[in-house]
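What follows is a single structure, written as structure tokens, with notes after it.
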Amino acid sequence: MEKHKNLSVWTEEGYSLFSKEGLDGIQVERLARILGLNKSGFYHYFGDLEGFCIELISLHKKKVSDFLKEVGETPKLDPDYLYLLIKYSETVMFQVQLTRSQNPVFYAASEWVDQKVDIAVRRLWNDFMEVADNADATFRYYAIVRDMFYTRISYQNLNYTFLHNLVWDAKVIMDEIGERRQFETDKSPY
Amino acid sequence: MLSQFFMEKSKNSSVWIEAGYNLFAEEGIEGIQVERLARILQLNKSGFYHYFGDIDGYCEELIKLHKRKADGYLADLSTVKSIDPDYLMGLVRHKVSCMFHLQLIRSKDKPLFYKTAEEIDQHEGDLIGALWSDYLGIHDHPALALRYFNIVRDMLYARLSFKNFDYENLRNLMAEAKAVMQQITENDAAAVADDSLHPLNELP
């Protein structure tokens with residue numbers, strides 16, 4: 001248990017650093033300095049940086065699982081799911097860093113997470129967009145809005161107001177385009 | 001002699017800037033390290049500090065270069081006749097600048113970076129609005145189409161990398177954005193049509 005506790009001290013700090021700075025933030029000497037520990041401990045537990053990153057990804061999947069359990073109990077996208085994202089800020093930002101990574105192992109991990117979260121969020125999103133649960137196109141729209149979120153989000157703006165405006169803008173745009181197209185259809189003489 | 005001296009000096013500072021521009025496009029601000037630049041260029045670090053003072057001064061020059069390149073991109077954009085293929089091919093032609101731009105957007109802790117990106121995005125939107133609304137089939141409503149374009153552009157920023165920044169991938173991503181919008185709004189129209197039949201069904 002002592003060993004696990006010491007190992008997790010490294011991975012928790014590394015997780016936090018990665019969520020803020022990506023892979024460039026992960027340097028053994030820097031981690032050791034922050035933790036006040038000897039670098040040899042790092043090499044003992046992880047072997048090298050690659051081994052450490054594998055542990056970070058495992059930790060991320062575990063945190064995502066905890067997140068998904070709570071999503072299952074979340075009644076509504078706004079405000080409940082949005083507040084859940086804020087509660088899991090560090091996990092969200094770790095995921096954002098993974099999506100931006102050129103490293104194929106990191107990118108594959110981000111896709112794994114997206115697939116799991118997509119399934120869990122589908123119900124909430126389609127309910128928010130006021131469409132039937134099997135509305136495939138609306139859920140493909142979620143993927144586009146999610147990617148916009150990945151581009152725009154940062155620790156600085158990961159707050160309720162920003163998230164609320166983001167999802168409502170996305171909904172309103174689609175509603176207004178729909179009204180516009182309905183208007184043009186109605187104008188047709190046929 | 002004097003003009004030649006100044007030209008040599010400009011040439012040397014621009015060598016640092018061009019190298020940094022490409023590095024930033026690939027890796028963002030983390031890629032910008034004086035020692036690394038000096039090693040790549042095989043120049044002395046003292047040259048960097050002489051021309052730019054520090055990293056902040058250097059980044060200001062990178063931004064100036066990006067604005068000049070963006071002017072070229074926007075000038076190109078003003079001549080395009082379609083989203084697909086003209087606009088998309090334009091993005092591919094300006095691939096490095098687009099990737100540099102993407103890194104600016106990601107730099108949320110540096111107002112100079114993301115505000116520069118926002119300004120350029122605004123200009124791009126102004127130029128592209130009518131074409132985009134035609135592409136989507138939302139005619140005569142470019143302001144609304146542009147709001148969707150802003151979302152789709154952010155989606156592109158999330159998905160694009162140097163490896164997949166090609167016409168085919170861009171075309172597929174744009175086509176998906178268009179198809180999703182069309183299908184959702186067709187579903188909405190069908191739902192409205194269904195609703196309008198119900199009162200007739202209830203007549204005695």
Side-chain angles (χ1 to χ4, degrees), chain A residues 20-25 93 96-97 99-104 107 110 114 126 129-132 134-158 162 166-167 169-187, chain B residues 26-33 102-103 105-111 114 117-118 133 136-141 143-164 173-174 176-193 196:
Chain A
K20 296 183 177 82
E21 302 176 31
L23 190 57
D24 288 309
M93 292 312 300
V96 170
Q97 294 290 357
T99 65
R100 293 176 183 179
S101 175
Q102 307 291 328
N103 180 304
Y107 196 76
S110 79
D114 276 341
N126 284 354
M129 292 289 288
E130 296 175 289
V131 294
N134 61 355
D136 177 62
T138 307
F139 201 64
R140 282 156 63 198
Y141 183 48
Y142 164 78
I144 293 172
V145 174
R146 181 202 62 208
D147 286 346
M148 171 185 64
F149 167 83
Y150 280 148
T151 294
R152 292 281 154 192
I153 201 67
S154 68
Y155 266 115
Q156 285 85 353
N157 64 17
L158 188 48
F162 177 82
L166 188 149
V167 298
D169 280 350
K171 177 175 161 60
V172 164
I173 285 166
M174 217 39 83
D175 287 346
E176 289 185 14
I177 292 175
E179 280 168 22
R180 190 78 210 151
R181 283 165 62 88
Q182 178 62 30
F183 174 68
E184 286 174 8
T185 306
D186 287 347
K187 274 194 324 187
Chain B
E26 290 190 29
E27 302 178 29
I29 191 68
E30 286 79 24
I32 305 298
Q33 298 143 28
L102 164 57
Q103 297 291 359
I105 286 168
R106 289 177 177 171
S107 306
K108 298 295 189 299
D109 55 339
K110 291 183 173 29
Y114 68 75
E118 274 170 15
S133 75
L136 289 183
I138 313 171
H139 301 291
D140 304 324
H141 213 319
L144 177 56
L146 202 54
R147 283 160 61 200
Y148 186 50
F149 177 72
N150 289 335
I151 294 180
V152 172
R153 181 171 50 194
D154 281 348
M155 178 268 291
L156 292 181
Y157 287 145
R159 303 232 189 147
L160 289 171
S161 67
F162 267 107
K163 286 198 191 109
N164 66 13
L173 290 172
M174 283 301 204
E176 167 69 357
K178 177 177 173 174
V180 161
M181 183 279 298
Q182 285 177 335
Q183 200 169 333
I184 288 176
T185 51
E186 272 164 21
N187 289 346
D188 284 351
V192 166
S196 69

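Only a predicted model underlies this, so the values are computations on that prediction, with no experimental measurement involved. All chains are named by letter (A, B, ...) in the order of the sequence lines, taking the proteins before the strands, and each is independently numbered beginning at 1. Heavy atoms only: backbone and side chains are in, while hydrogens, waters and symmetry mates are out.
Taking every heavy atom of both residues into account, A:Thr151 and B:Ile105 meet most closely at CG2-CG2, 3.7 Å.
Both the backbone and the side chain of B:Asp109 have a heavy atom closer than 4.5 Å to some heavy atom of chain A.
Remark: A:Asp24 CG to B:Glu27 CD distance equals 7.0 Å, nearest 0.5 Å. Atom CG of A:Asp147 sits about 4.0 Å away from atom CZ of B:Arg159, to the nearest 0.5 Å. Taking CG of B:Leu156 as the reference point, atom CD1 of A:Ile144 lies at 9.5 Å (rounded to 0.5 Å). Here the straight-line distance linking atom OH of A:Tyr141 with atom CD of B:Gln183 works out to 14.5 Å at 0.5 Å rounding. Taken from CD in A:Gln97 to CZ in B:Arg106, the straight-line distance is 9.0 Å, to the nearest 0.5 Å. Interatomic distance, CE of A:Met129 versus CD1 of B:Ile184, reported as 5.0 Å (0.5 Å rounding).
Looking at A:Gln156 and B:Lys108, their side chains come closer than 4.5 Å, going by heavy atoms from C-beta outward.
By number of non-hydrogen pairs under 4.5 angstrom with chain A, the leading residue of B:Arg153, B:Glu26, B:Lys163, B:Met155 is B:Met155.
Between B:Asp154 and A:Arg152 a salt bridge is recorded (basic side-chain N to carboxylate O distance below 4.0 Å).
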